[in-house]
Amino acid sequence: PDGTRADMGAYPFFQIPGCIDSLATNYDTEANINNGSCEYPDNGDYSLSFDGLGESVINISDLTIEPTDSITFSIDFKLDNYIHTSNHNIIFDLEGGNMRYTLLIGTDYMEMRFEGYSISFDFETSSLDNQWHNIIIQGTSYSMNIILDGNLMVSEIWTEPFVEHGLTPGDYGNFIGANDLQYGYYVKGQLDDFIISKNLLSFSNIQNSNFNNSLAAYYKFNAGEGDILYDHSGNGNHGTINGDATWQYEIPLNPGANLI
């Protein structure tokens, strides 16, 4: 033995589990393996209010969704009867290198798009009424269901194309409350509890927070201060609040439960 690295072999690597996200309130500087224990500011029942003037948007451009056969989006919204431009506003617009998910709302309709696959379904609703609503979009490789306030509004099945769900960060970006930082389609009103799951979640699952370890992102909107929208899923897909979006303290909000 000569004491060289070759003689001693590989250096040992000791796994120290803990929270390795520096934005978490319980960040562990000694940990090197994420054990899912990260906690983030949760200061009560808040939502974010958007002014609709082209100055408020949440940037989640680093959002990553691993490839999956199914996907669920759920978000609570309370929006004014206001259209920023064209004939609709955009609640969220996620455009990755491989896929684009867009949820639109107009005066008398809502629409969900799986762009890149030319798949789009809409339904009639007058939900720009300054009341709380919840919408759930369930997607598989060959189907889409849309549930508004617990009621099935769209149920469609197709044979082609075969949709490959997931999201890798792209050049365009991912936004909540508009479709980018410049051109807009900005909403006016409040958003809360945005959930992205790699499984199909029902209205009941979401009301009761039964996520079955399937979350890709979970934005509770409960920090109540600052310009970070924390991802409570443990995946670190945090967002940046741009412009004049303001924190609003509300009656107790429950994902999918703060309905009229």
Novice: Hey, are Asn199 and Ser197 close enough side-chain-wise for a donor-acceptor pair under 3.5 Å?
Specialist: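 Checked: Ser197/Asn199 side chains show no N/O donor-acceptor pair below 3.5 Å.
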Novice: Quick one: which of Asn134, Asn205, Asp193 gives a side chain to side chain donor-acceptor pair (under 3.5 Å) with Ser74?
Specialist: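 Result for side chain to side chain donor-acceptor pair (under 3.5 Å) with Ser74: Asn134.
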Novice: State whether a side-chain donor-acceptor pair under 3.5 Å links Asp93 with Thr102.
Specialist: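 Present: a donor and an acceptor within the cut-off.
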Novice: Judged by modelled atom types alone, do His133 and Asp149 share a side-chain donor-acceptor pair under 3.5 Å?
Specialist: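 A pair is found: one side chain offers a donor N or O, the other an acceptor, under 3.5 Å apart.
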Novice: Taking atom types as modelled and ignoring hydrogens, do the side chains of Ser127 and Thr125 form a donor-acceptor contact shorter than 3.5 angstrom?
Specialist: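 Side-chain D/A pair, Ser127 to Thr125: present.
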Novice: Which pairs pass disulfide (SG to SG under 2.5 Å) with one or both residues in residues 35-102, sequence neighbours excluded?
Specialist: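 Sorted pair list: Cys19-Cys38.
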Novice: Indicate if Tyr109 and Met144 have the same hydrophobic cluster label, given that clusters are the connected sets of ILVMFWY residues with side-chain heavy-atom separations under 4.5 angstrom.
Specialist: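 No, Tyr109 and Met144 fall in different hydrophobic clusters.
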Novice: With a sphere of 6.0 Å drawn around CG of Asn34, does it hold more than 12 non-hydrogen atoms of other residues, nucleotides or ligands?
Specialist: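 Check passes, neighbour count above 12.
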Novice: Check for me whether Arg100 meets the cation-pi criterion with Phe114, that is, NZ or CZ under 6.0 Å from the six-membered ring centre and within 45 degrees of the ring axis.
Specialist: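 No.
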Novice: Does Glu164 CD have over 12 foreign heavy atoms under 6.0 Å away?
Specialist: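 Result for CD/Glu164: open.
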Novice: With rounding to the nearest 0.5 angstrom, report the CD to OH distance, Gln190 to Tyr46.
Specialist: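 Taking CD in Gln190 and OH in Tyr46, the distance rounds to 13.0 Å.
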Novice: For a quick check under 3.5 Å, do Tyr219 and His238 share a side-chain donor-acceptor pair by atom type?
Specialist: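 Note: Tyr219 and His238 side chains miss the donor-acceptor criterion.
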Novice: Please list all pairs passing the salt bridge (Lys or Arg N to Asp or Glu O under 4.0 Å) test where one or both residues lie in residues 77-88, with sequence neighbours left out.
Specialist: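 Qualifying pairs, neighbours excluded: none.
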Novice: Does a side chain donor of either Ser126 or Asp108 reach within less than 3.5 Å of an acceptor in the other side chain?
Specialist: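 Result is no, nothing qualifies.
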Novice: Under 3.5 Å, is there a donor on one side chain and an acceptor on the other for Asn145 and Ser155?
Specialist: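 The answer is yes; a qualifying pair exists.
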Novice: Is a side-chain donor-acceptor pair under 3.5 Å present for Ser214 with Asn212?
Specialist: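 Checked: Asn212/Ser214 side chains show no N/O donor-acceptor pair below 3.5 Å.
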Novice: Which ILVMFWY residues are connected to Leu23, directly or by a chain of links, through side-chain heavy atoms under 4.5 Å apart?
Specialist: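 Besides Leu23, the hydrophobic cluster comprises Tyr40, Ile228, Tyr230, listed by chain and residue number.
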Novice: Aromatic rings His88 and Tyr185: how do their planes relate, parallel, tilted or perpendicular, breaks at 30° and 60°?
Specialist: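 Geometry flag for Tyr185 against His88: parallel rings.
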Novice: Just checking, any donor-acceptor pair under 3.5 angstrom between side chains of Glu111 and Ser120?
Specialist: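 Note: Glu111 and Ser120 side chains meet the donor-acceptor criterion.
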Novice: Are Trp132 and Asp192 side-chain neighbours, meaning at least one heavy-atom pair lies under 4.5 Å?
Specialist: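 Sidechains of Asp192 and Trp132: in contact.
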Novice: Any luck finding a side-chain donor-acceptor pair between Ser70 and Gln138 under 3.5 Å?
Specialist: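 Side-chain D/A pair, Ser70 to Gln138: absent.
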Novice: Would you please indicate if the ring centroids of Phe162 and Tyr142 are separated by under 6.0 Å?
Specialist: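 Centroid separation for Phe162 and Tyr142: 6.0 Å or greater.
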Novice: Hey, which of Ile136, Asn151, Ile135 is the one that makes side-chain contact (heavy atoms from CB on, under 4.5 Å) with Ile146?
Specialist: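 So the option named by the test is Ile135.
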Novice: For Phe73 together with Phe92, are the ring centres under 6.0 Å from each other?
Specialist: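 Ring centroids of Phe92 and Phe73 are less than 6.0 Å from each other.
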Novice: Heavy-atom distance under 4.5 Å between the side chains of Ile58 and Phe175, does that happen here?
Specialist: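 No, too far: nothing below the 4.5 Å cut-off.
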Novice: Quick one: do Lys188 and Asp51 make a salt bridge, cutoff under 4.0 Å?
Specialist: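 Salt bridge flag = no for Asp51 with Lys188.
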Novice: With side chains defined as the heavy atoms from C-beta onward, is the minimum distance between Asp62 and Asn237 less than 4.5 Å?
Specialist: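 Asp62 vs Asn237: side chains apart.
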